[in-house]
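Whatever order the structure lists ligands and atoms in, that order sets their numbers, starting from 1.
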Amino acid sequence: MAKIIYTHTDEAPMLATHSFLPIVEAYASTAGVEIETRDISLAGRIISVFGDYLTAEQQIPDTLAELGDLVKSPDANIIKLPNISASVPQLKAAIAELQAAGYALPDYPSNPSSDEETDIRARYDKIKGSAVNPILREGNSDRRAPLSVKNYARKNPHSMGAWSSDSKTNVATMGEDDFRANEKSVVIDKDQKISIRFVSEDGEVKVLKKAFPVLEHEIIDGTVMHAASLNAFLKDAVAQAKAEGVLFSAHLKATMMKVSDPIIFGHVVKAYFSELFETYGEQLEAAGLSPNNGLAAILGGLDDLADDVRAGVEKLIAKGYEDGPSLAMVDSDNGITNLHVPSDVIVDASMPAMIRTSGHMWGADGNEHDTLAVIPDSSYAGVFQAVIEDCRANGAFDPTTMGTVPNVGLMAQAAEEYGSHNKTFEIKAEGHVQVLDASGGVLIEHQVFPGDIWRACQTKDVPVRDWVKLAVNRSRASETPAVFWLDDARAHDAVLISKVTEYLKDHDTDGLTIKILSPVDATKYTIERLRRGEDTISVSGNVLRDYLTDLFPILELGTSAKMLSIVPLIAGGGLFETGAGGSAPKHVSQLVKENHLRWDSLGEFLALAVSFEHLANSSDNARAQILADTLDAATGTFLLENKSPKRKVGELDNRGSHFYLAKYWAEELSAQTKDAALADAFKAVSEALGGNEEAIIAELAAVQGSPVDLGGYYRPVEAKVIETMRPSTTLNTVLELLKK
Ligand SMILES: NC(=O)C1=CN([C@@H]2O[C@H](COP(=O)(O)OP(=O)(O)OC[C@H]3O[C@@H](n4cnc5c(N)ncnc54)[C@H](OP(=O)(O)O)[C@@H]3O)[C@@H](O)[C@H]2O)C=CC1
Ligand SMILES: O=C(O)CCC(=O)C(=O)O
Ligand SMILES: [Mg+2]
């Protein structure tokens, strides 16, 4: 039987799945398509990896590993919803919740001191951060706003904060002695194994990474961010924000860059609370209170300190706030700053949200203010600065007239920075880091000092060729210029430029506009066209893929959740992601507080249609193609009728939006003429949904307004989630019609 795998994830998308999946299952069954779910939630991944600590009933299989194999086969057809990429504080919270629910899981060892603890830590570190996407993304990325979605946004523009020409908002970045500036890049000449080692000043050798395989034509980069330069830069940035009277905020990717960015975040916390760490740094470290986990973790551990130390720490935190610039707030009502949790502010979504809000972030006073956005590494910071300067000169973008920027991203096989965490090291002593080839020759070498962050990245050749092909195909299919965002002044990009130039010759590019521009020039070129209403494809590496597929969608559509996000797998299967946004924890708090879920599943509708289409082609299933076409048409009506979830309690929410999608989809299915039996099967459903619209909407609305108990955050009680997400008996009964 033809099969689509649906992922069970976390937070808002997981809740939405409980409402939408029963509809999908019922409709798909009419085409003989089976929908199977696989649990890749944070809690599920923890349980599956620690089976040996748990009872037989508690154990669950490692479905992520299973999907990791599946994506390498042509049979893969997976709908991938966003999942939590856990920071250490989130990981610890999930462990605590599971322990309280009777799972005898070990604690997360902050400082492993035995073999057992080292093993536990290694297992948790694999679950930490962006641990799912790199395994499933065995293909490059193709993200765009379908025309129907773009047209909807033009007719129903989201709010855009006005920009003033005297805005003091800016990006601060290092520019020298950072990852971009110190990068070295080589192309591997033959299949072999390479290794990474540290050589101390007195010649002592320590293996950082044992020999690991690389392939002919693969690009290997090595680079280092010097801690001393980072700290000098951060000190200046703190002073600059104070002097300019703007908010201080840090924008990192502590989730996906799970080794380097929590360390950089820790340096930011130390730079802001410099006196605290100069005075009590050692005591805090001895108590296991690391700035890398944010200010909240330190505040949460104050009880472990001696009374006098605790009092001193509290005093210097208060003094830090007083002496320093105002901090950008994540939640001003509850005093949560940008420095509280490393995963609260994530650069891909946080910078566009700021740009959309007049270049403002929130201050402790609950008002918007200009901001100094600190993005230490300069590889991509200039992109945001260029957009800020453009908004200062030309005002906010206009969603009713602006063009669109689809992205083709080099992502497959853990390409570039996002695959670097198993090759990233915080350096303990002065010396040299070397990358050695199989015969011991030095491929890359850097001088390093204590505290420096050194990392290597890999980019395989097959993904690069596939990426160039995708870019040309997309440019041809949409008759849109394509720009490769590559910087010839940066080592990795220079190598990539020579490959792109060569591989473009394999394709017919006649009549196409294909350019290679540095990220800053590409930004300027693209936004100038964007303001004129013209479209431009961005063809970028993995990090810019992540940034640009939030930046432009958030400006164009108000959220990246409305994007079509396809990963054509290199082995021939399909991975269909839902939008480009995350798991919106704020939406869960709102649901728990007042039983209203504002999560928009549009990305899921779009993904499902292409998944059915893929299945129709790969398994010769004509009914799957009908499901795809009718779902597309239904989504069009859904947008025209404006049935997306609204933000406020009492209004139509996620559940109501699913009802309307189901209704329009059933109407399309019963009206189509390609398959009379199928039309007949949906006639009764369509009539029942149409006839009961008022009753269903009333049942869905009746539950809103009071708090909900889900029985857990990371692993809520299934029965309670189902009860919450499927409150309309009438709708549930209609869906049963299809199972008969
Ligand atoms: N592919 C994946 O697996 C991804 C996972 N993540 C993970 O998600 C978590 C949260 O990340 P964060 O950076 O806060 O980003 P989010 O995208 O979750 O949230 C940013 C904001 O975008 C809006 N938003 C996002 N998705 C939707 C949607 N479907 N419907 C309506 N609005 C939406 C919400 O705005 P508002 O509050 O105004 O409604 C939300 O608060 C992290 O754990 C992160 O690692 C992040 C990106 C992708
Ligand atoms: O894997 C993650 O943590 C986030 C992924 C993401 O932000 C993206 O792909 O856009
Ligand atoms: Mg992203």
For this session: Starting from atom 12 (P) of ligand 1, find the nearest protein heavy-atom neighbour and note its residue, name and distance.
Result: I346 CD1, 4.3 Å
Problem set entry | Any R137 heavy atom less than 4.0 Å from ligand 2 | yes
For this session: Would you please test S601 and H658 for side-chain hydrogen bond (donor to acceptor under 3.5 Å, both in side chains) and show each step?
Result: CA-CA 8 Å; S601 301; H658 293 162; 2.8 Å; yes
Exercise. Under 6.0 Å between ring centres, would you say that holds for H614 and F576?
Worked result: yes
Exercise. Looking only at N/O atoms, are R598 and ligand 1 under 3.5 Å apart anywhere?
Worked result: yes
Problem set entry | Location of contacts on D348 toward ligand 2, heavy atoms closer than 4.0 Å | side chain
Exercise. In the protein, what heavy atom is nearest to atom 18 (O) of ligand 1, and what distance, to one decimal place, separates them?
Worked result: A584 N, 2.6 Å
Exercise. Would you say R143 and ligand 2 have an N/O pair spaced under 3.5 Å apart?
Worked result: yes
For this session: Please say whether D344 places an N or O atom under 3.5 Å from an N or O atom belonging to ligand 1.
Result: no
Exercise. Is the side chain of E577 donor-acceptor paired with the backbone N or O of I566 at a distance under 3.5 Å, no angle test?
Worked result: no
For this session: Consider ligand 2: state whether an atom of it lies below 4.0 angstrom from any non-hydrogen atom of E577.
Result: no
Exercise. What do you reckon, does G582 have a nitrogen or oxygen under 3.5 Å from a nitrogen or oxygen of ligand 1?
Worked result: yes
